[in-house]
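Quick notes on the structure that follows.
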Amino acid sequence: MHSRLLYNKTMKDLTQIKKGTLEYCVLAVLAGEERYGYEIVRVLEEKGLATPEGTIYPLLTRLKKEGMVFSRWVEFEQGNPRKYYGLTDQGWLSLRAFKGNWELFSTAVTDILKEVSF
Amino acid sequence: MKPEKLLDNYMADMERELRGLSSRERREALLEIRTHILEKWNAGGELTSAGMLNVLEGFGEPADIAREYGASDRGPGNSIPLWLVAILTVFLWPVGIILAWISNQWRTKHKLIATLIPVVLIALMIISTTVTYLSVRNELVNLDPTEFLNPGLGFPPGFPSQGGFSPSPRKGGLIHSNLNAVTLVLAGFSPLISGVYLVVTRKKEV
């Protein structure tokens with residue numbers, strides 16, 4: 001395979017992995033406190049997980065439909081109202097299940113990659 | 001262009017792209033997105049058009065975001081394979097179209113059009129045949145009643161093969177019969193058209 005194609009494929013696979021884990025990262029960010037969209041993006045960015053910002057809203061909508069998060073509008077004296085999101089019980093359960101499995105999985109992958117030297 | 005105008009244009013694009021959502025979902029999403037963009041713009045400290053462009057670029061293309069919304073409604077409906085819906089729509093229309101409605105692979109607009117195609121075409125056929133029937137009957141009624149074997153019916157038994165009455169070819173009749181043939185064919189093929197329409201209009205997802 002041409003090296004550029006190979007590179008593209010690798011990037012695509014990584015994107016898939018990121019995409020699959022992003023929703024759990026969002027749940028994790030919401031675990032401590034209720035937050036609104038812009039805040040969630042900022043926390044993720046601070047941790048080095050940059051995403052195209054706009055995609056956070058479709059993701060939150062889906063998580064809400066799946067019953068993982070709830071949302072409520074909060075009015076402020078100044079500025080626009082904000083939509084805050086928080087974890088539901090189901091969201092907590094899902095996050096806990098993911099955390100346990102992710103630790104096993106990521107440790108295994110790290111171990112396997114450790115064996116490789118270039 | 002002024003920053004406000006840039007934002008308005010962007011939001012108009014977004015609104016157009018999100019038309020697949022329910023009106024409530026769309027309204028909330030638009031408000032949320034607008035607030036987000038304004039907050040980031042204000043936080044950036046660069047309250048210029050260039051600053052706004054940066055923020056908008058970072059937020060993403062409306063079409064991409066809309067696609068994420070579309071891809072996000074993963075329901076049981078998505079598990080119905082397209083080929084099954086298409087084949088059933090063509091050969092067993094009512095079943096196929098019900099599956100299409102259950103599925104979320106189509107926008108409501110497209111589901112509605114796919115449903116209406118056969119309904120409208122069959123209605124057209126019925127209207128066209130009825131009009132022909134009525135106009136032929138009127139012509140017959142207006143003709144000399146003594147030519148008919150059974151004048152009371154206004155329509156001769158065995159018409160037009162029986163002798164005694166040979167209608168001169170009329171232009172109107174020809175147009176009618178051609179129109180009838182076309183609507184009949186269209187109505188006959190309407191499940192096929194409906195099926196093809198569904199295949200073509202399925203949501204394009206990742």
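Chain A is the first sequence line, chain B the second, and so forth, proteins listed ahead of strands; every chain is numbered from 1.
- Proximity to chain B among residues 48-56 of chain A is limited to A/Pro52, A/Glu53, A/Gly54, A/Thr55, judged by heavy-atom separations below 4.5 angstrom.
- Taking a 6.0 Å sphere around CZ of B/Phe189, one finds it holds 12 or fewer heavy atoms contributed by other residues, nucleotides or ligands.
- Interface residues of residues 55-62 of chain B toward chain A, defined by a heavy-atom distance below 4.5 Å and sorted by number: B/Gly58, B/Phe59.
- Screening residues 67-79 of chain A for salt bridge (Lys or Arg N to Asp or Glu O under 4.0 Å) gives A/Glu34-A/Arg72 as the qualifying pairs, with residues at least two apart or on separate chains.
- Here the CD-CG distance, from B/Glu32 to A/Leu60, works out to 7.0 Å after rounding to the nearest 0.5 Å.
- Residues B/Glu25 and A/Lys65 are paired through a salt bridge, judged by an N-O separation under 4.0 Å between the basic side chain and the carboxylate.
- Atom OH of residue A/Tyr38 and atom CD1 of residue B/Ile33 lie 15.5 Å apart, to the nearest 0.5 angstrom.
- With a threshold of 4.5 angstrom between heavy atoms, B/Leu38 approaches chain A through side-chain atoms but not through N, CA, C or O.
- Crowding of B/Met1 atom CE: a count of heavy atoms from other residues, nucleotides or ligands under 6.0 Å not exceeding 12.
- Of all residues spanning residues 112-130 of chain B, none has a heavy atom less than 4.5 Å away from chain A's heavy atoms.
- For the pair B/Leu31 and A/Lys83, the minimum side-chain heavy-atom distance is 4.5 Å or more.
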Determine, step by step, whether A/Lys19 and B/Glu68 satisfy the salt bridge (Lys or Arg N to Asp or Glu O under 4.0 Å) criterion, reporting the C-alpha distance in whole Å, the side-chain angles of both residues, the deciding distance to 0.1 Å, and the verdict. CA-CA 11 Å; A/Lys19 228 177 171 176; B/Glu68 292 286 323; 3.7 Å; yes
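- Between A/Tyr57 and B/Ile65 the shortest side-chain heavy-atom distance does not fall below 4.5 Å.
- Within a 6.0 Å radius of CG in A/Asp89, other residues, nucleotides and ligands contribute 12 heavy atoms or fewer.
- A side-chain donor from one of A/Tyr36 and B/Glu39 sits under 3.5 Å from a side-chain acceptor of the other.
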